[in-house]
Amino acid sequence: MMISHRGYNLVAPENTMAAFKRAAKAGFHVIETDIRMTQDGVPVCIHDQAVDRMTDGEGLVSLLTLEEIESFTINHGNGLLTYDQEHIPTLREFLLFCKESCIRPILDMKVHGKKDILTVCQLVMELDLSGQGIFQDNNSKALKGIRQRIPDA
């Protein structure tokens, strides 16, 4: 089983749909992504607390709305390679892609509030991926909360 970390980030910016699609095309079976919450409560795929490194925008993900985040242009980290059609994807976009591509998702939870964890769990269950989803978190209490909501995760 081949696992891709943040998508195929050697050929496309990490945690973007371009990286996820390239990982699937390259034959990866599992794709790991990081989950953070926007100010308006939408889970998005980004590793850093701020959008600064990956986009032409600035600010903490938790203080930006989804509309603001989607308005930023993705850069390939060094700012030289721009992906004009790419934005920070929502968790819904990522999970729908995984479902359509028969890819198992690993969700690295960068959210810990009960409400945020519930939002993520509800989305995984809504898309009927509860038996496919793998959750990882440094917070064992958060993982226990996820296991209570999704026993087969």
Side-chain angles (χ1 to χ4, degrees), residues 3-9 12-24 28-77 83 85-153:
I3 300 173
S4 174
H5 185 246
R6 301 181 195 165
Y8 199 171
N9 61 26
E14 68 186 45
N15 284 326
T16 61
M17 293 309 297
F20 302 147
K21 289 174 183 175
R22 295 238 179 136
F28 286 91
H29 306 100
V30 180
I31 299 175
E32 180 270 351
T33 190
D34 305 279
I35 307 301
R36 294 198 180 271
M37 298 298 281
T38 64
Q39 183 183 46
D40 47 349
V42 179
V44 293
C45 302
I46 184 170
H47 177 269
D48 300 355
Q49 289 182 356
V51 298
D52 305 39
R53 179 177 65 91
M54 291 302 300
T55 74
D56 61 354
E58 293 180 351
L60 296 175
V61 174
S62 62
L63 299 179
L64 296 166
T65 65
L66 178 62
E67 184 177 0
E68 291 170 321
I69 287 174
E70 287 183 332
S71 72
F72 302 141
T73 300
I74 294 288
N75 296 318
H76 195 267
Y83 282 72
Q85 303 303 313
E86 287 291 319
H87 62 276
I88 295 171
T90 64
L91 176 58
R92 178 178 292 278
E93 287 176 275
F94 172 70
L95 291 176
L96 284 171
F97 170 75
C98 287
K99 187 171 185 169
E100 293 166 3
S101 304
C102 298
I103 299 284
R104 290 192 71 181
I106 295 178
L107 307 181
D108 188 347
M109 303 291 284
K110 306 288 188 201
V111 299
H112 299 113
K114 287 183 182 182
K115 182 180 175 186
D116 295 342
I117 290 171
L118 180 61
T119 298
V120 172
C121 289
Q122 286 175 327
L123 184 56
V124 169
M125 291 183 297
E126 174 190 325
L127 297 176
D128 197 28
L129 288 168
S130 58
Q132 297 296 313
I134 301 170
F135 294 84
Q136 66 184 36
D137 196 316
N138 293 332
N139 182 333
S140 61
K141 191 173 182 179
L143 288 174
K144 287 178 185 175
I146 291 167
R147 175 68 79 189
Q148 288 174 342
R149 288 172 178 80
I150 309 176
D152 58 345

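All figures in this text were calculated on a predicted structure; none of them were measured in a lab.
Considering only heavy atoms from C-beta on, T38 stays 4.5 Å or farther from L64 through its side chain. Residues V44 and E93 form no side-chain contact, since every pair of their non-hydrogen atoms from C-beta on lies 4.5 Å or further apart. Under the 4.5 Å side-chain criterion, counting only non-hydrogen atoms from C-beta, C45 is in contact with I35. Using a 4.5 Å heavy-atom cutoff, the side chains of P89 and F97 are not in contact. Residues R149 and V124 are not in side-chain contact: their nearest non-hydrogen atoms beyond the backbone lie 4.5 Å or more apart. By the 4.5 Å heavy-atom criterion applied to side chains, D116 and P43 are not counted as neighbours. At least one side-chain heavy atom of E70 sits less than 4.5 Å from a side-chain heavy atom of T90.
Rounding to the nearest 0.5 Å gives a distance of 11.0 Å between CE of M125 and CG of L127. To the nearest 0.5 Å, the span separating NZ on K21 from CE on M17 amounts to 5.0 Å. Rounding to the nearest 0.5 angstrom, the gap separating the CD1 atom in I150 from the SG atom in C121 is 4.0 Å. Put simply, CG on L96 and CG on L123 are 7.5 Å apart, with the number rounded to the nearest 0.5 Å. With rounding to the nearest 0.5 angstrom, the CG atom of D48 is 10.5 Å from the CG atom of L60. The structure places NE2 of H47 at 7.0 Å from CG of D108, a figure rounded to the nearest 0.5 Å.
Around the NZ atom of K144, the shell of radius 6.0 Å holds no more than 12 heavy atoms that belong to other residues, nucleotides or ligands. Atom CD of Q136 has more than 12 heavy atoms from other residues, nucleotides or ligands within 6.0 Å. In the displayed structure, N138 atom CG is contacted under 6.0 Å by at most 12 heavy atoms of other residues, nucleotides or ligands.
Judged by distance alone, with hydrogens and angles left aside, the side-chain atoms of T55 form a donor-acceptor pair with the main-chain N or O of G57 at under 3.5 Å. Using modelled atom types, one side-chain atom of D56 and one backbone atom of T73 make a donor-acceptor pair closer than 3.5 Å. Formation of a donor-acceptor pair under 3.5 Å by the R104 side chain with backbone atoms of Q132 is found in this model. With hydrogens and angles disregarded, a donor-acceptor distance shorter than 3.5 Å links the side chain of D40 to the backbone of L66. A donor-acceptor distance shorter than 3.5 angstrom exists from the side chain of D52 to the backbone of G59, with no hydrogens or angles considered. A side-chain donor-acceptor contact under 3.5 Å links E32 to the backbone of R6.
Residues G7 and F20 come closest through the heavy atom pair CA-CD2, 3.8 Å. Between D137 and V111, the closest heavy-atom pair is OD2-O, 3.9 Å. Considering all non-hydrogen atoms of both residues, V61 and M37 come closest at CG1-O, 3.6 Å. Nearest approach of A19 to P13, heavy atoms of both residues: CB-O, 3.2 Å.
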Chi angles and distances behind the side chain to side chain contact (heavy atoms under 4.5 Å, CB included) call for I69, I46
CA-CA 11 Å; I69 287 174; I46 184 170; over 6 Å; no
Would I88 and I74 count as a side chain to side chain contact (heavy atoms under 4.5 Å, CB included) if you check the C-alpha gap in whole Å, the side-chain angles of each, and the deciding distance to 0.1 Å?
CA-CA 7 Å; I88 295 171; I74 294 288; 3.9 Å; yes
Take M54 and E86, measure what side chain to side chain contact (heavy atoms under 4.5 Å, CB included) needs, and give me the verdict at the end.
CA-CA 11 Å; M54 291 302 300; E86 287 291 319; over 6 Å; no
What verdict does the side-chain hydrogen bond (donor to acceptor under 3.5 Å, both in side chains) test give for N15 and T33, after you've listed the backbone C-alpha separation in whole Å, the side-chain angles of each residue and the deciding distance to 0.1 Å?
CA-CA 6 Å; N15 284 326; T33 190; 2.7 Å; yes
Start with the C-alpha distance between V120 and F135, add both sets of side-chain angles, then the distance that settles side chain to side chain contact (heavy atoms under 4.5 Å, CB included), and finish with yes or no.
CA-CA 10 Å; V120 172; F135 294 84; 4.0 Å; yes
